[in-house]
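Below you'll find the structure, written out as structure tokens, and then a few comments.
Here the structure is a predicted model, which means the values were calculated and not measured.
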Amino acid sequence: RYIGNFENTTGYDIRHIYFLIQCYDEKDIVYYSKRFEPEDIWRNGTKKSFEFAIPDSDKEFKYFKVLISEKSLRYSKSVNF
């Protein structure tokens with residue numbers, strides 16, 4: 001198990017957090033991928049800790065990356081002038 005400590009330094013509150021964890025093999029190909037989306041507002045300037053489990057790094061993969069973003073609903077509509 002891993003614990004990641006992160007700080008929101010974006011300048012705004014994040015309403016929906018999206019995490020993507022990717023584990024890469026010796027050839028830099030994604031071996032394992034996991035995503036999760038905790039439902040919480042992450043206030044600007046605050047820290048959060050997230051705990052996650054991944055496969056055994058000694059046997060299964062070379063390294064992993066954690067990608068964090070804000071997931072938002074986008075609405076698009078054509079407008080004629």
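Between the side chain of Asn8 and the main chain of Trp42, a donor-acceptor pair closer than 3.5 Å is present. A donor-acceptor pair under 3.5 Å is formed between the side chain of Asn44 and the backbone N or O of Gly11.
Here Thr9 contributes atom OG1 and Lys47 contributes atom NZ; the two are 11.0 Å apart, rounded to the nearest 0.5 Å. Rounding to the nearest 0.5 angstrom, the gap separating the CD atom in Gln22 from the CZ atom in Arg35 is 12.0 Å. Atom OH in Tyr31 sits 15.0 Å away from atom CZ in Phe64 (nearest 0.5 Å). To the nearest 0.5 angstrom, Ser49 atom OG is 3.5 Å from Asn5 atom CG. Taken from CD1 in Ile17 to CZ in Phe6, the straight-line distance is 10.5 Å, to the nearest 0.5 Å.
Taking 4.5 Å as the limit, every side-chain heavy atom of Phe19 sits out of range of all side-chain heavy atoms of Leu67. Within the 4.5 Å cutoff, the side chain of Phe36 has no heavy atoms near those of the Leu20 side chain. Using a 4.5 Å cut-off on side-chain heavy atoms (C-beta onward), Tyr63 and Asp28 make contact.
For the pair Lys65 and Tyr24, the cation-pi test (distance below 6.0 Å, angle within 45°) is passed.
Side-chain heavy atoms closer than 4.5 Å link hydrophobic residues (I, L, V, M, F, W, Y) into clusters, and following such links, possibly through other members, connects Tyr32 to Val66.
Closest of all the heavy-atom pairs between Lys62 and Asp25 is CB-O, 3.8 Å.
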